[in-house]
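Reading through the C-alpha cells given below for one structure.
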Amino acid sequence: MKGVVLAAGVGSRLRPLTSNKPKCLVEVNGKPLLDYQLDAYRAAGIGEVVIVTGYEAAAIENHVRHIDDLTIRLVENVDFESTNNMYSLYLCRELLRDTPFVLNNADLAVDDDIVARLVQDPRGDLIAVDSGQFDEESMKITLTDDGERVTDIAKTITEDVAYGNSIDHYKFSVESAAALMAHVVDVIEVRKSLKDWTEVALQTLIKSGDLPMQPLDIAGARWVEVDNYVDLAIADMLFSELGTELEGIKVAFIDIDGTLVTGDAPIPGGAEFVERARARGIKIYFLSNNSSRAKSDYVTKLAGIGITATVEEIVLSTDGLASFLLSRKTRGVYVLGTRALKASLEELGLPVVEDDAEYVVVGYDTELDYAKLRTACRNLNRGADILATHPDVWCPSEDGPIPDIGALLQMLEATVGKKPVHVFGKPQREMITHLITEYSPDEVLVVGDRLYTDVTLAKNAGVRSAAVLSGETQRDALDGASVSPDIIVPSVANLLVG
Ligand SMILES: [Mg+2]
C-alpha cells in the first residue's frame with residue numbers, strides 16, 4: 001500500500017500566508033499541514049508516500065529532505081497553474097502501477113489515526129466520511145438504501161440526501177486503482193482535458209458502477225480542510241494543545257489592550273468571557289503594560305465595558321518598577337510619565353525629583369510635552385539611568401497605532417545615547433510570578449494579543465498562553481514565530497463556549 005498526497009495547488013485564499021510557501025506547509029499549532037498527513041501515513045504503517053508538488057515545489061522538497069523513516073517520492077507538476085489535481089494524479093501513473101493506494105489532498109489537518117482506519121478496514125475501496133457533518137464547501141456523498149455503497153460524490157449534494165462530508169481521503173484496491181488510473185489517462189490523453197478534478201473522475205466512475213466505493217465513517221475524529229482563514233482559525237482551535245475549554249486552568253492573566261478593548265471600545269464578547277471564566281472558578285487578573293494610568297483608572301475603564309474588577313486584580317508594569325525602586329532605596333527619580341504614574345510612585349514614598357535624579361523613569365506618557373523631554377535629557381546627561389515601565393513600541397487605538405514607550409526610548413537613545421538599564425512589565429516573568437506561587441505552571445494561563453509581550457511572558461514564566469487575533473498580531477505572524485502559544489483564537493469570545 002502506498003500513499004499519494006496531491007500538493008500542487010496555489011492556495012490563493014490563504015494569501016499572504018501562501019505568498020511564498022505552498023498551502024501544505026501552512027502551520028496549525030506549529031505543525032505544517034503536510035506533517036499531519038505524513039504522521040497519519042506513518043501511524044498506518046505505510047512506508048512509501050508519493051507527493052505531487054507544483055506551486056513552491058522547492059519548499060516541499062526542502063521540507064521532506066530530512067525525513068528518513070518514510071520513502072518519499074516527489075513528482076513535480078510544473079503545469080500546476082494550467083491544470084488541476086487530476087493531472088497531478090496522472091503524473092503518478094507509473095509509480096502507482098499495480099498497487100493499492102491511499103489518496104488525499106494536501107490541505108487537511110487530520111488526526112493521526114485517519115489513514116490507519118482506512119488501511120485496517122478489510123474492505124478494499126473506501127471513502128473516509130464524516131457522517132456528522134454537512135458543509136457547503138466540501139464534497140458530500142450519498143449511499144445506497146442499505147448504506148453499503150457510495151452512489152455519488154459532489155459538492156452540490158443537498159443536506160436532505162447527503163450521508164456526510166468526504167474528508168478527501170480515499171483507499172483503492174489494486175483493481176479499483178487500475179480502473180481509476182485508466183479513466184484518468186483517458187481524460188488527459190484522449191480527451192485532452194487537463195483542468196479536471198480527481199473528485200470528478202471518482203464521481204463518473206462511481207455513478208457508472210465502475211468503482212465500488214464504500215463509506216468509512218470517521219465521525220468524531222478531528223479533521224479540517226484548510227482553504228481560507230476561517231478554516232485556519234477552526235483548525236487552530238481544534239488541534240491546539242490547550243483547547244478552547246481551557247481544561248485545567250485555575251488562574252488567567254488577561255491582557256487588556258487589544259484583548260478586551262481597543263482604545264476605550266470593548267472587543268465583542270470580552271465581558272462575557274470574563275464572566276464565564278469566573279463562573280468556572282478561574283481566578284482572573286487583568287494585565288497591562290500601559291503605565292499612563294493608576295489601577296483605579298483601570299477599574300473604572302473595565303467597569304465602562306461591563307467588567308467588574310478590584311484594584312487587587314489589576315497588574316500593571318509599574319508594579320515591578322515600584323518594587324525595584326523601593327529595594328534600591330533610590331535617592332531620586334524623574335518621571336517622564338503621566339501625573340497618575342508620578343502620584344503612584346509618590347504614594348509609595350519614593351522621592352520624585354526634577355533634578356539630580358538617579359533614574360529617569362519612562363512611562364507611557366499621554367501628557368508628554370517638550371519641557372518634560374528636556375528635563376529628562378538634562379538628568380540623563382548628568383548621569384541618570386533610564387528605567388522603562390514596559391517595552392511596547394506602539395499602542396493600538398481607534399486611530400490605529402500610536403507611539404508607546406518603545407518609540408520614546410528610541411528618541412532618547414538617538415539624543416543622549418542611552419538605552420534603559422531595566423525594562424519592566426511584560427514579558428518579564430516577575431510581572432506575574434509573585435501571584436502564581438500556589439499554582440502549578442499548567443494551571444496558569446496568559447491571554448493576550450502580542451507575541452513579544454503576552455506570549456513571551458507566558459514562555460518566560462513557564463506557563464500556558466492563548467494568543468488572540470483581536471489586537472496586534474495577525475495570523476500570518478504565527479507561522480514560524482519564535483514563540484508558539486498553546487492556542488490561537490480569533491478573540492476571547494471563542495474561549496469557554498462549550
Ligand atoms: Mg495587548
Side-chain angles (χ1 to χ4, degrees), residues 251-271 273-274 277 284-293 295 297-299 301-302 304-305 307 309 313-321 338 363-366 388-409 423-432 435 444-461 463-478 481-495:
V251 55
F253 293 86
I254 307 169
D255 168 52
I256 298 173
D257 294 297
T259 303
L260 295 174
V261 297
T262 305
D264 286 321
I267 287 172
F273 163 67
V274 171
I284 298 293
Y285 289 100
F286 301 94
L287 216 52
S288 181
N289 266 0
N290 182 335
S291 54
S292 70
R293 306 189 194 207
K295 292 190 178 188
D297 295 333
Y298 275 102
V299 171
K301 178 172 174 146
L302 289 171
I305 60 163
I307 296 173
E313 289 172 320
I314 310 287
V315 183
L316 299 181
S317 53
T318 42
D319 293 358
L321 168 75
T338 57
Y364 177 48
D365 193 355
T366 52
T389 55
H390 57 275
D392 304 47
V393 178
W394 56 272
C395 184
S397 81
E398 295 90 334
D399 299 321
I402 52 176
D404 201 336
I405 287 186
L408 206 52
L409 291 172
V423 180
F424 298 89
K426 300 177 284 184
Q428 303 299 320
R429 61 198 297 273
E430 289 74 18
M431 187 146 175
I432 61 168
L435 298 167
V444 181
L445 178 71
V446 177
V447 185
D449 67 309
R450 285 184 164 171
L451 297 182
Y452 69 94
T453 57
D454 303 307
V455 177
T456 305
L457 164 67
K459 185 187 171 200
N460 291 344
V463 302
R464 314 189 83 176
S465 61
V468 294
L469 303 178
S470 53
E472 175 181 311
T473 301
Q474 303 288 305
R475 178 58 181 79
D476 316 325
L478 285 146
S482 58
V483 287
S484 50
D486 294 280
I487 188 169
I488 304 164
V489 286
S491 81
V492 288
N494 301 91
L495 295 172

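Atoms within a ligand are numbered from 1 in the order they appear, just like the ligands themselves.
Formation of a donor-acceptor pair under 3.5 Å by the T473 side chain with backbone atoms of D449 is found in this model. Within the 3.5 Å criterion, the main-chain N or O of A265 finds no donor-acceptor partner in the side chain of T262.
Every residue two or more places apart in sequence or in another chain that forms a side-chain contact (heavy atoms from CB on, under 4.5 Å) with N460 is listed here: P427, R429, T456. Judged as a side-chain contact (heavy atoms from CB on, under 4.5 Å), and not counting sequence neighbours, the contacts of D264 are R293, K301, E398. In this structure, the side-chain contact (heavy atoms from CB on, under 4.5 Å) partners of T453, at least two apart in sequence or on a different chain, are N289, P391, D392, K426, R450.
Residues L457 and L287 have side chains in contact (heavy-atom distance under 4.5 Å, counting atoms from C-beta outward).
Protein N/O/S atoms closer than 2.8 Å to the Mg ion (ligand 1), listed by chain and residue number, are D255 OD2, D257 O, D449 OD1.
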